[in-house]
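I have placed the structure first, in the form of structure tokens, so that the comments after it can refer back to it.
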Amino acid sequence: MQLFVLIALLVIVSAIYSYINARFVKLPGTIGIITIAIIGSVLTVIADQLDPDIGQRLMSVAKEINFSTIVLNILLGFLLFAGSFNANTKRLKKEMRPVVILSTLSVLLSAGIFGLLFHYLGDWLHIRIPLIYCFLFGALISPTDPVSVGNIIKNSKLPVNLSTIIAGESLFNDGVGLVLFITILEAIRSGADNVDLAKTGLLFLREVFGGIAMGVILGMIGHRLMKTITDFQTIVLVSLSLVMSISLIGAWLELSIPLAAVSAGLFVGDNSINLNDSERSHEALEKFWHLVDEMLNTVLFVLIGLQMVNLPYLTNYWITGSLSIVLILVARWFSIFVPLIFLRRSLQVNYSNINILTWAGVRGGISIALALSLPASHYRHIILSACYFVVIFSIIVQGLSLNRVIRHSLSKK
């Protein structure tokens, strides 16, 4: 299928789903679109049963899309840059300590706790997966999704400090989770007996700190270029080329593209490009990237729904999926609770906030993209199916009930 036809179909389907949600369903953007997209996929599967010719044509569209490549290599950089560019940096700096803890230590704890629980409880339920694959599953499912989180907390009644912490955490922990995923995957490929801990540790550090450094350096260059001109069209082109440069150079040097995109977005967003008070280029650029963010969000969740068509084996793994939903919530809760015990004063987060932080930890397209990128093995389908269960549950169930959890938790204070 030609690239233009594929892009056109994606945009048309995204527009239809978005219109249906805005006109009739009227659910919060992310929740409404993913719900309609899933229903559309179910109807496609039914159409395939009734008329295989029609069903095959609809399914061929989904099969032509390399979801993992599109999300990780194309959409992710733009989405993270847009989210960080429009972030409230003053509030983020104020809450930086809990953001850093949750996006690093908590992700590592969550991945480890989930992996251990999934391995041993799964074995008890006759779901036998090697421990290192369970840790790999934990690494891809532990990070919260900035796209899903950002859309859901817009419609929530979260206190300002908690919304800042949750949004900030989701921007950074994707990079940490992705690096952890790559590190464990590299260990699997090397074989359990050939794992070089020093080499693995250096890989992790290079991805993290190299990605942040690259983002800051490219962000400084892009900001300096934008600051020397007043033509808004050129400013937009420079900002777009900045994100594309991060993706290309990050892939070439094997550095963390998510962390680089976030670092660049925060730097450029925090430093005005206006030469004097009479100009409004920075404000206009914020509106541009907000529009890009909203459009790509819609396309991403339509893509998630389309991928459901290619997963008829989901029905065979409902026990695994249900177990994964419970375990990731448990792992998330403990990964917040443990740092809070030792760092309660410095983090300035109350125990009553743990349930809110746990329930607001929504997973999304990045987890699915990582699961789809797994190499062929006996465990790929199990992990992928369980990942879909967790993502759908977190976006729809956690997203719709978040305000109720907030009211209940804050009423206990």
Is any side-chain heavy atom of L259 closer than 4.5 Å to one of F209? no

Suppose we call two aromatic rings close when their centres sit under 6.0 Å apart. Are H119 and F137 close by that rule? no

Minimum heavy-atom distance between I257 and S247, given as atom pair plus value: CD1-O, 3.5 Å

Within the 4.5 Å heavy-atom criterion, are P143 and I366 side-chain neighbours or not? no

For residues L80 and P146, determine if any side-chain heavy atom of one lies less than 4.5 Å from a side-chain heavy atom of the other. yes

For S335 and I113, which heavy atoms make the closest approach, and how far apart are they? N-CD1, 4.4 Å

Validation row: L171, V99 side chains within 4.5 angstrom (heavy atoms): no

L285 side chain reached by F232 side chain, heavy atoms, under 4.5 Å: yes

Tell me whether R363 contacts the main-chain N or O of S142 through its side chain, where contact means a donor paired with an acceptor under 3.5 Å. yes

Polar side-chain atom of H223 near backbone of S272 as donor-acceptor pair, under 3.5 Å: yes

On the 0 to 90° scale, with breaks at 30° and 60°, tag the Y133-Y379 ring pair as parallel, tilted or perpendicular. tilted

Applying side-chain hydrogen bond (donor to acceptor under 3.5 Å, both in side chains), name anything that partners R206, two or more places apart in sequence or on another chain. E254

N86 backbone acceptor or donor facing E286 side chain under 3.5 Å: no

Beyond-backbone contact of I406 with L162, side-chain heavy atoms, under 4.5 angstrom: no

Would you kindly say whether N173 and T144 are connected by a side-chain donor-acceptor distance under 3.5 Å? yes

How are the rings of W289 and F85 set to each other: parallel, tilted or perpendicular (split at 30° and 60°)? tilted

Decide whether H126 and R128 meet the rule of one side-chain donor and one side-chain acceptor closer than 3.5 Å. yes

Taking everything shown except F334 itself, do over 12 heavy atoms lie less than 6.0 Å from its CZ? no

Taking the side chain from R380 and the backbone from L372, do they hold a donor-acceptor pair closer than 3.5 Å? yes

Whether the side chain of N21 engages the backbone of Y17 through a donor-acceptor N/O pair (distance < 3.5 Å, no angle test) should be reported. no

Closer than 3.5 angstrom, by distance alone: can the side chain of S110 be matched with the main-chain N or O of V107 as a donor-acceptor pair? no

M96 atom CE: more than 12 heavy-atom contacts under 6.0 Å: yes

Short side-chain to backbone donor-acceptor contact, T228 and L225, under 3.5 Å: yes

Indicate yes or no: at least one non-hydrogen side-chain atom of L140 is less than 4.5 angstrom from one of I383. yes

Short side-chain to backbone donor-acceptor contact, S84 and F81, under 3.5 Å: yes

Find out whether P159 and N353 are in side-chain contact, i.e. whether some heavy atom of one side chain is under 4.5 Å from a heavy atom of the other. no

